[in-house]
Every structure is written in C-alpha cells, then in structure tokens.
There are 2 protein chains.
Amino acid sequence: MKGKAPTNLECALLGLLHGQPQSGYDLRKIFATTAMGNYSSSPGAIYPALKRLEARGLVTSEIDSTNEMRPRKVLTPTARGKTLFRDWLRADFSAEDIDRRFDQLMLKFAFHWVLDDLGESHDFLAALASGLDVSVRSLEAQRNMFPEQMPIQPRLALDQGIGQTKAAARWARKALSQIKEEMS
Amino acid sequence: MKGKAPTNLECALLGLLHGQPQSGYDLRKIFATTAMGNYSSSPGAIYPALKRLEARGLVTSEIDSTNEMRPRKVLTPTARGKTLFRDWLRADFSAEDIDRRFDQLMLKFAFHWVLDDLGESHDFLAALASGLDVSVRSLEAQRNMFPEQMPIQPRLALDQGIGQTKAAARWARKALSQIKEEMS
DNA sequence: TCGCACATGTAACGTGTTACATGATTCA
DNA sequence: TGAATCATGTAACACGTTACATGTGCGA
C-alpha cells in the first residue's frame with residue numbers, strides 16, 4: 001500500500017516546497033542560513049534527494065528561463081506529493097520515535113501549518129507531552145538505579161538528558177496552550 | 001599526524017571498554033537497555049565497528065573460553081586506544097559542534113571520568129555554557145526576524161529549539177557548580 | 001582580470017539499517 | 001520439542017559526506 005519511508009531530508013525539502021516552489025539552490029541556502037541548518041545543505045545530498053522525489057512523482061520540475069543564460073530548475077510538489085506529505089505529518093508516533101527521533105517529530109510539527117487545522121496540532125502536542133512524561137519517568141528510573149560509586153560525569157550527562165526531556169514537555173504544554181488560544 | 005576521526009559509535013564502544021573489557025554482545029546489551037540506546041545496538045553496526053577499532057590497533061581481542069563451548073571475544077583498549085580516546089575527550093570544540101553535534105559533546109562528557117581530572121570537566125562545562133549562550137542569542141535573533149504573517153507552528157518549533165538550548169545552558173552551569181563542589 | 005555568488009550536478013567512499021545465517025544452551 | 005537467550009558474524013542497500021566538475025554573471 002505504502003512506498004518506503006522518505007528520509008528526514010526528503011520530508012524537509014518537500015515541506016519547504018509546499019511553502020514556496022523553488023530551486024535546489026534556494027533550498028540549499030535555507031539549510032545553510034536558517035535554524036533548519038541541521039539538515040545537510042551539501043549539493044551531494046540535496047540534488048540526489050530532489051531527484052528521488054521527482055522519480056517517485058512527489059514533485060515536478062520546470063525550467064525557469066526568465067533569466068535566459070542562467071536557468072533555474074524550480075520544483076513544485078505534485079498532488080501525490082501533497083497527499084503523501086500530509087499523511088506523513090499525520091502519522092502517529094511511538095515512544096521510540098519520541099526517544100530517538102525527536103528531531104523528526106519537531107520537523108513534522110514545524111510543517112503542521114500545511115494541514116491548516118489547529119486541531120491536529122493540538123492533538124499532536126497533547127500526545128507528545130504525555131509521551132515525554134513517560135520518557136522522563138523512564139530516565140529518572142535509570143538515574144535511580146545508578147550504582148553508588150559511579151563517577152559524577154555520567155550521572156550529570158544523564159541529568160542533561162532528563163533536563164532536555166523535561167524542557168521539551170514544558171514546551172509542549174506551553175505550545176498547547178498557545179494553540180488553544182489561537183483556536184478560540 | 002592524526003588518523004581520520006572515529007565515529008560516535010566507535011567512541012562510545014571504546015569508552016565503554018575503558019570502563020570494563022567486554023564482548024560485542026555485552027556492548028549491544030548496554031545500547032539496547034540503557035540511556036545510551038541512541039546508539040545502534042544492531043550487530044551489523046557493532047561488530048564491524050569493533051573490527052575497525054581492532055584493525056586500527058585501538059583494541060585487542062582475546063577469546064574467553066572459561067565456558068568452553070560458548071566462547072566470548074573480549075575486547076580491551078590498547079595503550080594507543082587509550083591515548084587516542086583521551087585526545088578525543090580533550091579535543092576542543094566549535095560553535096558548529098555545539099549546534100549540530102551536541103550529542104557527541106555529551107558523549108564525551110559522559111566519559112570524562114576517564115581523564116580522572118575534574119579540572120578538565122570544569123573547563124569543558126564552562127566553555128560549553130558560554131557557547132550555548134551564543135547559540136541562544138543566534139536563535140533568538142532568528143526568531144525576531146520571523147515575518148509577521150508566519151504561521152504559529154514554525155514559530156513554536158523554533159521556540160522549542162531555543163528552550164532546549166537554554167535548558168542545556170542551565171544544566172551546564174548547574175553541573176559546573178557540582179563539579180566545583182566535588183573539587184574542593 | 002580575479003574572485004565570488006549563482007546554479008546544477010556526479011563519483012567515491014564510509015557507515016548504519018535491515019535481513020539473514022549459524023550454532024550452542026537453557027527453560028518451559 | 002520448541003522458543004528464547006547467548007554469541008558472532010555477513011551481505012545488500014540506502015543515504016550523507018567530501019571532493020570534484022562545469023559554466024555564467026557581476027563587481028572590485
């Protein structure tokens with residue numbers, strides 16, 4: 001029924017093209033200069049990824065020759081691409097996703113505006129917040145099981161993980177209340 | 001002068017072997033059951049990584065045949081492996097490392113006990129804290145440049161990044177004070 | 001004219017993922 | 001007897017990294 005899961009980079013590209021059809025070069029600049037910079041930006045990653053998206057029929061390309069001697073290849077998501085992207089945004093997530101693919105969940109949330117339905121974002125954040133609580137409890141349990149003579153650094157490193165997760169949970173609840181406000 | 005940079009997984013394995021010489025299977029269990037679980041744990045990653053470490057002369061293997069019919073291959077870091085690992089722990093880091101390889105920095109810190117010198121951990125955390133402050137300022141600058149009509153979700157997603165970074169900075173300072181206390 | 005930004009790509013390489021393979025031991 | 005755990009591996013594959021290749025337009 002479904003094709004294989006796209007990579008984070010592919011989803012980021014597809015999402016950006018939802019916002020504005022543009023060229024590979026434009027997309028590279030976004031990754032190079034904004035907070036999305038944790039994604040590649042290297043041509044060796046971007047151009048093949050765009051080619052894959054096109055091969056799967058998720059985007060179409062069109063040569064923009066308004067500046068004749070310097071053609072740009074502008075990519076636009078297709079109907080299939082839009083459907084698949086929305087499905088990806090809506091796919092529900094597991095505890096595993098929260099613990100090990102949190103960045104992917106944030107990428108999804110950042111593109112939630114595509115759904116144009118604050119209710120979806122609300123549910124997403126609510127599920128995320130309670131999932132994060134579970135993670136916190138599990139990490140704290142591990143911390144309590146640390147042997148007495150364990151050196152201080154690994155303990156502190158685990159504290160960092162707990163702090164990150166707690167901060168994420170706090171953020172999720174605060175964002176949730178902002179979304180609620182926006183919805184009313 | 002230096003060989004190529006080892007991967008995070010290789011460093012994690014090498015660090016764990018500093019704590020206790022053990023087999024690939026033991027290491028897999030650690031990744032599968034503890035908070036270090038963000039690293040692989042799959043045999044297709046671990047055994048090749050251990051083989052690479054051995055090929056580079058950073059660990060040696062010895063067959064443990066106390067239980068005859070079920071031999072374990074126990075890995076131990078060599079002198080070269082220990083030196084390289086300490087160098088890796090001490091290598092100074094850039095803003096780039098903080099923004100995009102924070103997990104690697106945390107991995108290093110978790111193994112700082114190997115250095116057996118709280119002063120090093122102190123300096124590490126101090127540098128980290130001020131580096132994180134820089135990151136926070138840069139992210140907040142980006143947030144301020146967001147256009148007015150931008151939908152709420154990307155804004156919130158960026159807030160999440162800012163919150164994470166601030167939490168990390170708070171943690172670093174708290175950890176710093178605990179290290180100082182331990183030193184006195 | 002020198003270098004930089006524009007603009008798109010390819011090729012080699014390394015590494016992690018997934019799936020498979022093998023075989024012994026322990027326990028229900 | 002069959003399933004789970006112990007224990008070590010290999011092979012195909014996909015993806016990102018790094019480095020290279022090519023050529024235009026523009027400003028100093």
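Just so you know, these numbers use all the heavy atoms, side chains as well, and skip hydrogens, waters and symmetry mates. By convention in this document, chain letters (A, B, ...) are assigned in the order of the sequence lines, proteins followed by strands, and residues within each chain are numbered from 1.
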Checklist entry - Could you state the CD1-P distance from B:I63 to C:dA24, rounded to the nearest angstrom? => result 17 Å

Taking distance alone, no hydrogens or angles, what donor-acceptor pairs closer than 3.5 Å link side-chain atoms of residues 6-14 of chain B to residues at least two apart or in another chain?
| residue | atom | partner | partner atom | Å |
| --- | --- | --- | --- | --- |
| B:T7 | OG1 | B:E10 | N | 3.2 |
| B:N8 | OD1 | B:Q104 | NE2 | 2.8 |
| B:E10 | OE1 | B:T7 | N | 3.0 |
| B:E10 | OE1 | B:R56 | NH2 | 3.3 |
| B:E10 | OE2 | B:R52 | NE | 2.4 |
| B:E10 | OE2 | B:R52 | NH2 | 3.1 |

Checklist entry - Is there side-chain contact between A:L75 and A:T60, with at least one heavy-atom pair below 4.5 Å? => result no

Checklist entry - Under 4.0 Å: is that the gap between some side-chain N or O of B:K4 and OP1 or OP2 of C:dT15? => result yes

Checklist entry - Would B:F111 and B:H18 count as a close aromatic pair, with their ring centres under 6.0 Å? => result no

Next on the checklist: So A:I63 and A:R72, do their side chains get closer than 4.5 Å, heavy atoms only?
Outcome noted: no

Checklist entry - Whole-Å distance between D:dC15 P and A:L13 CG? => result 13 Å

Item to check | B:N38 and B:F31, any side-chain heavy atoms less than 4.5 Å apart | outcome: no

Checklist entry - Between the axis at one end of the helix from C:dT1-D:dA28 to C:dA28-D:dT1 and the axis at the other (five pairs apiece), what's the angle to 10 degrees? => result 20°

Checklist entry - Within this structure, what is the CZ-to-C1' distance between A:R70 and C:dA5, rounded to whole angstrom? => result 7 Å

Checklist entry - Could you give the CD-to-C1' distance, from A:E62 to C:dA7, as a whole number of Å? => result 17 Å

Checklist outcome for this item: salt bridge (Lys or Arg N to Asp or Glu O under 4.0 Å) pairs touching residues 120-142 of chain B, sequence neighbours excluded, are B:R90-B:E120, B:D133-B:R173, B:E140-B:K166

Checklist outcome for this item: Whole-Å distance, B:E96 CD to D:dT17 P, equals 11 Å

Checklist entry - Which residues in residues 23-52 of chain B have at least one heavy atom lying under 4.0 Å from any atom of DNA chain C? => result B:S40, B:S42, B:G44, B:A45, B:R52

Next on the checklist: What is the separation between atom CG on B:D64 and atom C1' on D:dT8, rounded to the nearest whole Å?
Outcome noted: 14 Å

Checklist outcome for this item: Only one of A:K73, A:K51, A:E54 passes side chain to side chain donor-acceptor pair (under 3.5 Å) with A:S61, and that residue is A:E54

Checklist outcome for this item: Separation of D:dC15 atom P from A:L9 atom CG, nearest Å, is 10 Å

Checklist outcome for this item: Sequence neighbours excluded, the answer for ring-ring contact (aromatic ring centres under 6.0 Å, His included) partners of B:F109 is B:H112, B:F124, B:W171

Checklist entry - Can you check whether A:T7 has a side-chain N or O nearer than 4.0 Å to OP1 or OP2 of D:dG16? => result yes

Next on the checklist: Per the salt bridge (Lys or Arg N to Asp or Glu O under 4.0 Å) rule, what does the pair list look like for residues 143-164 of chain B, sequence neighbours excluded?
Outcome noted: B:R143-B:D159

Item to check | Euclidean distance, atom CZ of residue B:R101 to atom C1' of D:dG16 [Å, nearest integer] | outcome: 13 Å

